[in-house]
Amino acid sequence: NAGVMQNPRHLVRRRGQEARLRCSPMKGHSHVYWYRQLPEEGLKFMVYLQKENIIDESGMPKERFSAEFPKEGPSILRIQQVVRGDSAAYFCASSRGVQETQYFGPGTRLLVL
Amino acid sequence: DQQVKQNSPSLSVQEGRISILNCDYTNSMFDYFLWYKKYPAEGPTFLISISSIKDKNEDGRFTVFLNKSAKHLSLHIVPSQPGDSAVYFCAARGNRSQGNLIFGKGTKLSVKP
């Protein structure tokens, strides 16, 4: 049973470009969460999605960031017009239900030049 | 303002001895607490959790204690092994209907042979 998969593992973008981060949840999990970790910090919640629905986006910056979890395919975190401050590790987690344990993927390390 | 605090950035322990990692929280509405372990360049790995209706949960070498009146929890690892060397994150679930986790900044544990 494969765990949570994220790709790419590393992503380098120049300022102003778009970054697309993908997350495939564990088999049987329909709840997906995105977190961001800045250097020397803990993980910060960004957004919680179920299939085709955004449940909670209270941690998402209001501009440039968006997330989706389509009926088919992985969840996508999109960052438009990236800036240096977006450089961080982005982790995806999935769970079977909202009160179930969240299992994390290996993360995508985004570097904005 | 940090709702989950891990006040010790690092901890060094001799192999075979007990490791005690501490975590404090401020929000009395938290109902579920988790510990994750993280190696460099990997995602967090779930270790153990505890519901707010309990004061102790044990799983092999890992035990989590919860003191609700003090808003404090701790993770005990005994005996500690060199492979336990990692960053340990304490997390709390803030809302039963939303499920997003609130993380501390982590404690880096080093277990010396």
Side-chain angles (χ1 to χ4, degrees), chain A residues 2-11 21 23-26 29-50 53-60 67 88-111, chain B residues 1-10 21-27 29-54 57 59 62 64 86-108:
Chain A
V4 178
M5 299 176 68
Q6 288 187 250
N7 67 81
R9 294 290 304 272
H10 299 274
L11 183 61
L21 289 63
C23 168
S24 297
M26 285 177 70
H29 288 194
S30 59
H31 299 248
V32 165
Y33 310 80
W34 285 93
Y35 293 83
R36 175 165 67 175
Q37 184 185 24
L38 296 170
E40 310 301 324
E41 295 285 324
L43 282 73
K44 294 279 198 296
F45 167 76
M46 298 181 74
V47 62
Y48 161 36
L49 310 102
Q50 278 185 273
N53 291 305
I54 295 175
I55 308 301
D56 178 6
E57 56 182 347
S58 58
M60 285 271 272
Y90 291 82
F91 293 98
C92 167
S94 73
S95 67
R96 196 176 298 273
V98 66
Q99 294 180 29
E100 303 284 330
T101 299
Q102 294 179 27
Y103 295 90
F104 283 80
T108 294
R109 277 133 192 97
L110 172 66
L111 176 62
Chain B
D1 62 330
Q2 267 191 284
Q3 297 188 69
V4 177
K5 297 178 184 178
Q6 294 178 257
N7 292 318
S8 297
S10 62
L21 297 105
N22 294 304
C23 178
D24 297 293
Y25 62 96
T26 57
N27 190 337
M29 297 301 290
F30 289 153
D31 65 353
Y32 199 70
F33 302 89
L34 307 92
W35 285 94
Y36 286 85
K37 169 178 162 179
K38 187 180 179 303
Y39 294 116
E42 294 185 13
T45 302
F46 169 71
L47 266 180
I48 193 169
S49 61
I50 188 166
S51 164
S52 60
I53 62 173
K54 295 188 174 182
N57 189 25
D59 184 1
F62 303 92
V64 56
V87 177
Y88 288 78
F89 289 99
C90 169
R93 191 170 64 200
N95 184 313
R96 289 177 69 91
S97 66
Q98 294 177 328
N100 57 291
L101 297 177
I102 298 166
F103 282 83
K105 289 190 176 184
T107 296
K108 184 175 182 179

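Chain letters run A, B, ... following the sequence lines, proteins first, then strands; residues in each count from 1. Please read these numbers as outputs of a predicted model, since none were measured by experiment.
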Visitor: Counting heavy-atom pairs under 4.5 Å to chain B, which of Gly105(A), Pro106(A), Gly107(A) comes out on top?
Guide: Pro106(A)
Visitor: Got a donor-acceptor contact below 3.5 angstrom from the Gln6(A) side chain to the Tyr90(A) backbone?
Guide: yes
Visitor: With a 3.5 Å distance limit and no angle check, can you tell me whether Gln2(B) reaches the backbone of Val4(B) through a side-chain donor-acceptor pair?
Guide: yes
Visitor: Using a distance-only test with no angle check, is there a side-chain donor-acceptor pair under 3.5 angstrom linking Tyr35(A) and Gln102(A)?
Guide: yes
Visitor: When you check the side-chain N and O atoms of Ser95(A) and Tyr33(A), is any donor under 3.5 Å from an acceptor?
Guide: yes
Visitor: Tell me which of these, Gly104(B), Pro9(B), Pro44(B), Cys90(B), has more heavy-atom pairs under 4.5 Å with chain A than the rest.
Guide: Pro44(B)
Visitor: Is chain B contacted by the side chain of Gln37(A), its backbone, both, or neither, given a heavy-atom distance below 4.5 Å?
Guide: side chain
Visitor: Under a 4.5 Å heavy-atom cut-off, does chain A meet the side chain of Lys108(B), its backbone, both or neither?
Guide: neither
